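Right, one structure below, let's go through it.
Counting convention: from 1, in listed order, for ligands and their atoms alike. Predicted model, so just to flag it, every value in this text is computed and none were measured.
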Amino acid sequence: MIRLFVAIPIPHEQRQRLKSLCNGVREARWTNEENFHLTLRFIGEVEEPELDNVSAALSMVRSEPFEMTLSGVGHFESRKRVRSLWAGVMPCLPLTVLQERIESVLSRNGLPPDGRKFSPHITLGRMKQGSPEYVRDWLEGNGVFRAPPFVVESFTLFESYRAQTSAIYTPLNEIPLVPQKVNEEIL
Ligand code: ATP
Ligand code: MG
């Protein structure tokens, strides 16, 4: 089996900005800065022969490059415990469109749909037993976070390998976002 997900890697300058957020919560296990990414679609475990099919399907996605701005922070809770801390993204229609195109091409190729609503974020840290109180100051203190915009020119299919200390992500296929040709007859 091979564990897969589709994501947008974060450029170096923005990774540095994100790294500056990774402190101030003692109970958090912060993400390695090389691992920062924005997940577009978690695929999960598939049989290895399925990989070519998934990869080829993703290569069919046509979408335009677009500008994205990382902004704000937040957290996810379950059972009243903070599980993760993350940085957010300014509302970005082309990002939603890209995510929908990926979802649609994968479901047309037989992957079960991911029923969850897409909520774009970059995970900065995880917590095992996070009381919401531990993170209140962090959330308030970093609410004004904003990084310089960058242009998203591709997205990537990654393998996720669970090493003992942290996950190792290996890019398997980088799919370019290409400006769509203007129909000359319209001009
Ligand atoms: P680890 O699980 O070893 O702590 P990780 O969560 O970064 O590391 P994966 O579990 O392989 O590695 O997840 C890869 C990406 O997919 C991450 O961005 C993760 O948040 C996201 N992800 C994982 N599971 C799901 C899920 N069930 N639904 C949506 N996204 C998920
Ligand atoms: Mg995980």
Side-chain angles (χ1 to χ4, degrees), residues 1-12 14-15 17-19 21-23 25-48 50-51 54-55 57-58 61 68-79 81-90 92 95-107 109-130 134-135 138-139 142 145 147 150 152 154-175:
M1 295 291 261
I2 179 166
R3 186 176 175 92
L4 302 175
F5 67 102
V6 182
I8 296 172
I10 307 297
H12 182 260
Q14 282 74 15
R15 286 209 309 267
R17 305 291 184 111
L18 293 171
K19 192 182 171 195
L21 300 172
C22 296
N23 57 68
V25 181
R26 245 189 318 129
E27 296 78 6
R29 185 164 53 84
W30 299 107
T31 306
N32 233 322
E33 65 177 287
E34 307 86 62
N35 276 0
F36 289 144
H37 64 275
L38 186 150
T39 298
L40 293 163
R41 173 63 147 88
F42 178 70
I43 296 174
E45 313 271 342
V46 303
E47 302 282 354
E48 291 213 30
E50 182 71 4
L51 171 60
V54 169
S55 188
L58 290 169
V61 171
M68 188 162 89
T69 303
L70 308 181
S71 167
V73 295
H75 73 296
F76 289 139
E77 278 184 26
S78 71
R79 283 173 276 122
R81 284 283 169 270
V82 178
R83 304 297 172 185
S84 75
L85 300 171
W86 45 260
V89 179
M90 296 242 298
C92 184
L95 175 64
T96 313
V97 169
L98 174 61
Q99 196 275 337
E100 283 168 356
R101 287 182 181 161
I102 289 170
E103 181 64 47
S104 125
V105 88
L106 290 177
S107 65
N109 279 271
L111 263 80
D114 178 357
R116 296 210 265 180
K117 189 180 173 308
F118 178 51
S119 76
H121 64 275
I122 293 148
T123 300
L124 301 175
R126 312 285 173 103
M127 295 178 76
K128 281 222 169 76
Q129 284 302 324
Y134 296 160
V135 301
W138 185 87
L139 291 169
N142 293 306
F145 169 73
F150 64 99
V152 180
S154 65
F155 66 93
T156 304
L157 173 65
F158 285 96
E159 175 183 4
S160 171
Y161 172 74
R162 307 191 127 183
Q164 272 184 344
T165 44
S166 71
I168 297 171
Y169 306 141
T170 308
L172 301 179
N173 186 10
E174 180 181 355
I175 298 103

>> Using only atom types and a distance under 3.5 Å, with no angle test, would you say the side chain of Glu45 pairs donor to acceptor with the backbone of Met1?
In response: no

> Nearest heavy atom to atom 7 (O) of ligand 1: which of Phe5, Tyr169, Trp86 does it belong to?
Replying inline: Tyr169

>> I'd like to check whether Thr123 has a polar contact with ligand 1, where a contact means an N/O of the residue lying under 3.5 Å from an N/O of the ligand.
In response: no

> Hey, which atoms in ligand 1 end up nearer than 4.0 Å to a heavy atom of Arg3?
Replying inline: 9 (P), 10 (O), 11 (O)

> Side chains of Glu174 and Ser154: donor-acceptor distance under 3.5 Å anywhere?
Replying inline: yes

>> Closer than 4.0 Å to some heavy atom of Arg126 - which atoms of ligand 1 meet that?
In response: 4 (O), 5 (P), 6 (O), 7 (O)

> Considering only the protein, which heavy-atom contact is closest to atom 28 (N) of ligand 1, and what is its distance?
Replying inline: Arg116 NH2, 2.4 Å

>> Quick one: does any side-chain atom of Arg15 pair with a main-chain N or O of Ile10 as donor and acceptor, under 3.5 Å?
In response: yes

> Which atoms from ligand 1 have a heavy atom of His37 less than 4.0 Å away?
Replying inline: 15 (C), 17 (C), 18 (O)

>> I need the atoms of ligand 1 closer than 4.0 Å to a non-hydrogen atom of Ala167, numbered in the order shown.
In response: 3 (O), 8 (O)

>> Distance under 4.0 Å to a non-hydrogen atom of Ser160: what atoms of ligand 1 satisfy this?
In response: 9 (P), 11 (O), 12 (O)

> Side chain, backbone, both or neither: which part of Phe158 comes within less than 4.0 Å of ligand 1 when only heavy atoms are counted?
Replying inline: neither

>> Between His75 and Glu77, do the side chains contain a donor N or O and an acceptor N or O under 3.5 Å apart?
In response: yes

>> Checking a contact table here: which protein heavy atom is nearest atom 2 (O) of ligand 1, and how many Å away?
In response: Arg162 NH2, 2.6 Å

> What protein heavy atom is closest to atom 16 (O) of ligand 1, reported as residue, atom name and distance in Å?
Replying inline: Phe42 CD1, 3.2 Å

> Quick one: nearest non-hydrogen protein atom to atom 15 (C) of ligand 1, plus distance?
Replying inline: Thr39 OG1, 3.6 Å

> If only atom types and distance count, is the side chain of Ser107 paired as donor or acceptor with the main-chain N or O of Glu103 below 3.5 Å?
Replying inline: yes

> If you measure only the distance, is there a donor-acceptor pair under 3.5 Å linking the side chains of Arg126 and Ser84?
Replying inline: no

> Hey, does the side chain of Asn35 reach the backbone of Ala167 with a donor-acceptor pair shorter than 3.5 angstrom?
Replying inline: yes

> Any donor and acceptor pair, going by atom type alone, linking the side chain of Arg83 with main-chain N or O of Lys128 inside 3.5 Å?
Replying inline: yes

